[in-house]
Q: 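The structure that follows is given in the form of structure tokens.
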Amino acid sequence: MRLLLVEDDSQLGKVLVRGLAEEGHAVDHVATLAAASESVVVNSYDLVVLDLGLPDGDGASLCRQLRDGGDPVPVLMLTARDSLSDKVAGLDVGADDYLTKPFDYPELAARVRALLRRPKTVTGPILEAGDIRLDPAAHRVWRGAIMIPLTAREFSLLDYLMRRLGEVCRREDLLEHVWDAHYDGLSNVVDVHIRNLRRKLEQPGQRDPIETVRGVGYRMTMDHRAN
Ligand code: CA
């Protein structure tokens, strides 16, 4: 998934970027309200982690900007303030969840997972597509009874496709959500990773679950059980 982290504490920012990247997310990190406002206009995010106390203003105004613009992206607010009125104010401007500093990274990671699980088309903590199951919390994938070891990037790619079961995912979308804003490596990187993913998911007698949509991208198909 593609995340925007708005945090002016550079130490904390680094820890969060590293942790979230290890879970396979593509993270854009900005430290000011101005940069964040611009990022959400230019890019499409799956989740925003938003510090309230920023050097050039209050993070809540970014949340308001998103909601006023009709953007339903989940927002997890971070703040050093612990008073009830601050929490209420945060939720009132449209934050989905709230975490008070200091916090332990595992708690943030769990809340991020919970917010990303909120369904668009797929519900439940375990994503399923035919005989493929993906557990976002445990970072595990099975085909039937067999556990499939994937790299963080392959995992993130499969996660994205499975959350959009049956929909065509364009190469550009995959690049944007699974890699990051500044990716400028090989242009066929998506195809290379899809090829590896297919190879790993391949089991005797079973169909390829990932359909190539020529000239556009890829689609995870609904039914790919054995013929
Ligand atoms: Ca701050």
Side-chain angles (χ1 to χ4, degrees), residues 1-118 120 125 136-137 139 152-153 155-156 159-160 163 175-184:
M1 297 291 113
R2 180 149 183 209
L3 275 51
L4 176 65
L5 170 66
V6 189
E7 172 57 70
D8 61 312
D9 177 334
S10 63
Q11 197 74 28
L12 178 61
K14 272 184 208 151
V15 170
L16 298 184
V17 167
R18 197 183 313 129
L20 293 166
E22 273 172 16
E23 304 202 26
H25 299 300
V27 185
D28 293 346
H29 179 202
V30 297
T32 63
L33 195 55
S37 300
E38 197 185 317
S39 294
V40 297
V41 170
V42 177
N43 305 301
S44 143
Y45 292 101
D46 300 296
L47 179 93
V48 177
V49 178
L50 176 63
D51 181 32
L52 276 189
L54 295 167
D56 56 343
D58 193 325
S61 65
L62 179 78
C63 202
R64 214 174 289 118
Q65 176 194 334
L66 288 166
R67 299 308 180 231
D68 288 350
D71 191 334
V73 62
V75 174
L76 171 59
M77 273 189 181
L78 306 180
T79 179
R81 307 167 204 167
D82 194 19
S83 78
L84 183 62
S85 62
D86 284 327
K87 288 182 187 170
V88 171
L91 296 171
D92 273 350
V93 293
D96 297 87
D97 199 1
Y98 196 102
L99 197 53
T100 306
K101 295 178 183 175
F103 54 80
D104 291 324
Y105 176 74
E107 185 176 7
L108 177 124
R111 285 173 190 251
V112 164
R113 282 195 298 271
L115 289 172
L116 288 174
R117 257 193 325 253
R118 289 194 184 173
K120 286 188 182 102
H139 242 252
R153 197 70 86 183
F155 182 90
S156 186
D159 183 316
Y160 190 87
R163 283 173 201 269
L175 209 50
E176 184 177 344
H177 288 267
V178 180
W179 278 264
D180 61 48
H182 311 292
Y183 182 80
D184 60 356

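Whatever order the structure lists ligands and atoms in, that order sets their numbers, starting from 1. Just the heavy atoms: all of them, side chains too, but no hydrogens, waters or symmetry mates, feed the values below.
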Q: With carbon and hydrogen excluded and only N/O/S kept, which atom of Asp8 is nearest the Ca ion (ligand 1)?
A: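 For Asp8, the N, O or S atom at the smallest distance from the Ca ion (ligand 1) is OD1.
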Q: Is any NZ, NE, NH1 or NH2 atom of the basic residue among Lys101 and Glu7 found under 4.0 Å from an Asp or Glu carboxylate oxygen of the other?
A: yes
Q: Can you tell me if Glu7 has an N, O or S atom under 3.0 Å away from the Ca ion (ligand 1)?
A: no
Q: Between Leu52 and the Ca ion (ligand 1), is there a contact where an N/O/S atom of the residue lies under 3.0 Å from the metal?
A: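 It does not; every qualifying atom lies at 3.0 Å or beyond.
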Q: Tell me whether Ser39 contacts the main-chain N or O of Ala35 through its side chain, where contact means a donor paired with an acceptor under 3.5 Å.
A: yes
Q: Output yes when a side-chain donor or acceptor of Asp56 lies under 3.5 Å from a complementary backbone atom of Leu33, and no otherwise.
A: yes
Q: How many angstroms lie between OG in Ser44 and CD in Glu176, if you round to the nearest 0.5 Å?
A: 5.5 Å
Q: Do any N/O/S atoms of Asp51 come under 3.0 Å of the Ca ion (ligand 1)?
A: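 A backbone or side-chain N, O or S atom of Asp51 is under 3.0 Å from the Ca ion (ligand 1).
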